[in-house]
Amino acid sequence: MEALILNHAIYSKPSFRADFFFGPPLLHCSFKPTFYPGNSGFQGSYLKRSLSFTVTCRVKTPQGNKKNDGNIAKKIILSEEVPPPLVEEGGGENESQEVAGKTGKMNGVMGLVKRFPRKVLAVLSNLPLAIGEMFAVAALMALGTAIDQGEAPEFYFQKYPEDNPVLGFFTWRWVLTLGFDHMFSSPIFLGTLVLLGASLIACTYTTQIPIVKVAKRWKFLQSSEAILKQEFSDTLPRASIQDLGVVLMGAGYEVFLKGPSLYAFKGLAGRFAPIGVHLAMLLIMAGGTLSAAGSFRGSVTVPQGLNFVVGDVLGPTGFLSNPTEAFNTEVHVNRFYMDYYDSGEVSQFHTDLSLYDLDGKEVLRKTISVNDPLRYGGITIYQTDWSFSALQILKDNEGPFNLAVAPLKINGDKKLFGTFLPVGDVNSPNVKGISMLARDLQSIVLYDQEGKFAGVRRPNSKLPIDIDGTKIVIVDAIGSSGLELKTDPGVPIVYAGFGALMLTTCISYLSHSQIWALQDGTAVVIGGKTNRAKAEFPDEMDRLLNQIPEIVESSTSK
Amino acid sequence: MIFSTLEHILTHISFSIVSIVITIHLITLLVDEIVGLYDSSEKGMIATFFCITGLLVTRWIYLGHLPLSNLYESLIFLSWSFFIIHLVPYFKKQKNLFNLNAITAPSAIFTQGFATSGLLTEMHQSAILVPALQSHWLMMHVSMMVLGYAALLCGSLLSVALLVITFRKLIRIFSKSNNFVNDPLSFGEIQYVSERNNVLQTTSFLSSRNYYRSQLIQQLDLWSYRIIGLGFIFLTIGILSGAVWANEAWGSYWNWDPKETWAFITWTIFAIYLHTRTNFKSVNSAIVASMGFLIIWICYFGVNLLGIGLHSYGSFTSISN
């Protein structure tokens, strides 16, 4: 009898979750006094509704508080009359976790060798632990952006002084001993990441792979009680299960029909994709580790017309870094030039590079720019920076002279370069001369000996400028190209991980919907649940069930 | 020239409609729900949507690249994404989704208002693209990131609403806005229930209120989960395409640049949210989502305010130079 009420109660109230009522303690209190005393006066569906609260909560609490084994036992007793699927009805990863934990304990008798890894697995695959690790990683990263990275110790002595600690305790000692001055390579951060990776592996192994097995077992439900216990359930009075099957097929479900019972599902990929997400994360982590351990990096500023050997620039970053043949390649900077907008701002940097092998043969020639690097034999050459190398001038039609140009430090990130052409007696203690300043290779600003503005000239205009009797022609501005070189064996793995992660994240959004139905006389009992689109699911089901034709002559056939 | 005039006109139209819509919303919130007014505000929203679309398209044609190169443009795009999310229920004719409007409409309006108001006027001129931004990845990366932010902000706002309702910080205004959020389905059920129990009117009123509220909480919970899930996809694609782009432009796919790091923090927080969904109470995951709400703002705005790192072209400081 009790079972009957239980069914009706749940039936009258589809898609209700106990969590909402027993989540916040406030709500919990507000419910009890309202329902229990009022019960006697209530009739019809309302009574059932109120009852259902108590029932659902009893069924569902084991999911909510996942601590004691006693609850599981209770649950199994509850499901005795129902075939096995109800045990899995709990469904959540949590449950299988608990089971894994339990089996771990039971197998403990088998000896330390076997027990230890299992225990570690059980601990690592604990979801709250994994969440804690993610929070820790997030917090460390946030701290890493809050503290200036990679400065000299003196900087931290000043910024986090001992006599005036931040928040009352945070001094430079914390920063330096914990390695927070280089957070993203500090042992604490990397350790947390490794722990997170271990949790990922453990969780995939102990929780997610069993889900696949469980999902495969979830087939036909034989009793209408079990069906009506689903998150969504309904009973169609005069209908045939075949019609339901056809309608579900039309809606894209895989339908299995066996005698009076039906099982249909859609979006199974959505249930398995999270495993793919975890594996992709592991792939990215592995690739990242390989990148960190097996790369070479280096940067060089090369004036136009000069060359360098790749191997001289590249330095190893980790113990796995192995130089290759291609390191003997010589790179020649044929030309460095910039494109400008009409407003005078730089629009793009270009460097024309030639690569020569050991025999001096040109193997590759390419003009690189920002966003368009050169790749050769595992080496990538990026255009990252530029500088002013020299200014070629004619002084009173003599020359050309090459004046070395030096960068001047100014505030902000705009560059400024300057050079100086001495005029008159070079050996006197205070030499005077002409100063030339430039922001880019486009135009040179000239100042006379008193420091007064004299004029602006473009490098290839051939237009002479006369400053205090000295005639100067600016022939050319020679830039130097700032190149960054690297080899990174981890990139293919990381990219594979990226691709897999994007794909599996998208697939994870698919909702895995399952529908069970049972022909019960002339009526069809339908129950279903879904794991993502819980809000849309009842609507979709209502829409589908409306399409099922009602059998009119059913009363005669019965 | 014609483009900038057109842009000017569209900006002003959208701004004036937005101010009108805000007024209407205030009236409906404070005075009473007038159906006619509410409808006109919805029409206003659609009109604004087309204005912003026009604005983006003009800028796109005018500049030759998708207008996403600075904070102003990305804000416009953010409000455009809010409008998209807002308008989806109209196209899908899905009644259940209508309770989203209470979240998306103000978000869209305030973003649009902020972007077009005087705060950022210096930024309105379309800036030129610095060399690093001249890539096809710009479109993919920034649009995905902003779409992701928009969806995640909506979803986490729903969670914030859930927390507010759960913890009963119900001032009168809020109980009014609950009606505003009300979805027709559950309301019908309440009426049905109260009809049957008119004997015990007071009790039934109380309990139906509770019943209705828990329905609302459940709806909020499910929708925030769904929308955050969508935003998470966009965020993932955005971060990964950004990483691929960085490997083309900066020399490494991950540089621990502040913006990058914060995007990763956001990603982590919402990954936590998705994990808490499996077997924690809805309140717990709502708390995580609310944290995510703050973190998105830090990531989107805070890092730009400081103007540090490789992503500094979207910052406030770059305009002063």
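Order of the sequence lines fixes the chain letters, A, B, ..., with proteins taken first and strands second; residue numbering starts at 1 for each chain. What you see is a predicted model; the values in this text were computed from it and never measured.
For B:L274, no part sits under 4.5 Å from any heavy atom of chain A, backbone or side chain. Residue A:D339: no heavy atom, backbone or side chain, is found under 4.5 Å from chain B. Heavy-atom distances place both the backbone and the side chain of A:N371 under 4.5 Å from chain B. Proximity to chain A is limited to the side chain of B:I269, based on heavy atoms less than 4.5 angstrom apart. Proximity to chain B is absent for every atom of A:M338, based on heavy atoms less than 4.5 angstrom apart. Contact annotation for B:T266: neither backbone nor side-chain heavy atoms come within less than 4.5 Å of a heavy atom of chain A. Using a 4.5 Å cut-off between heavy atoms, B:N284 makes no contact with chain A at all. Both the backbone and the side chain of A:F135 come within contact range of chain B, judged by heavy atoms closer than 4.5 Å. Proximity to chain B (any heavy atom under 4.5 Å) is restricted, for A:V494, to the side chain, taken from C-beta onward. The contact between A:E484 and chain B is made entirely by side chain atoms (from C-beta outward), counting heavy-atom distances below 4.5 Å. When heavy atoms are compared at a cutoff of 4.5 Å, B:W256 approaches chain A by way of both its backbone and its side chain.
Residues B:L222 and B:Q218 meet the side-chain proximity criterion, which asks for heavy atoms closer than 4.5 Å. Looking only at side-chain heavy atoms (C-beta outward), B:R226 and A:K534 stay at 4.5 Å or farther from each other. The side-chain heavy atoms of B:W245 and B:L138, taken from C-beta on, include a pair separated by under 4.5 Å.
No other option in A:A138, A:G144, A:S347 has as many heavy-atom pairs under 4.5 Å with chain B as A:S347. Comparing A:P373, A:A139, A:S511 by how many heavy-atom pairs each has under 4.5 Å with chain B, the most go to A:P373.
Between the side chain of B:S285 and the backbone N or O of B:R277 there is no donor-acceptor pair closer than 3.5 Å.
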Run the side chain to side chain contact (heavy atoms under 4.5 Å, CB included) check on B:S159 and B:Y273 step by step: do they pass?
CA-CA 11 Å; B:S159 286; B:Y273 171 82; 4.3 Å; yes
When you look at A:Y382 and B:W250, which way does the side chain to side chain contact (heavy atoms under 4.5 Å, CB included) test go after all the steps?
CA-CA 7 Å; A:Y382 297 93; B:W250 294 337; over 6 Å; no
Check: residues 234-242 of chain B side-chain donor-acceptor pairs under 3.5 Å, at least two apart:
| unit_1 | atom_1 | unit_2 | atom_2 | d |
| --- | --- | --- | --- | --- |
| B:T236 | OG1 | B:F232 | O | 2.6 |
| B:T236 | OG1 | B:W267 | NE1 | 3.1 |
| B:S241 | OG | B:I237 | O | 2.9 |
| B:S241 | OG | B:G238 | O | 3.0 |

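Applying the side chain to side chain donor-acceptor pair (under 3.5 Å) test to pairs two or more places apart or on separate chains, none has a residue in residues 497-509 of chain A.
Atom NE2 of B:H136 has 12 or fewer neighbouring heavy atoms from other residues, nucleotides or ligands inside a 6.0 Å radius.
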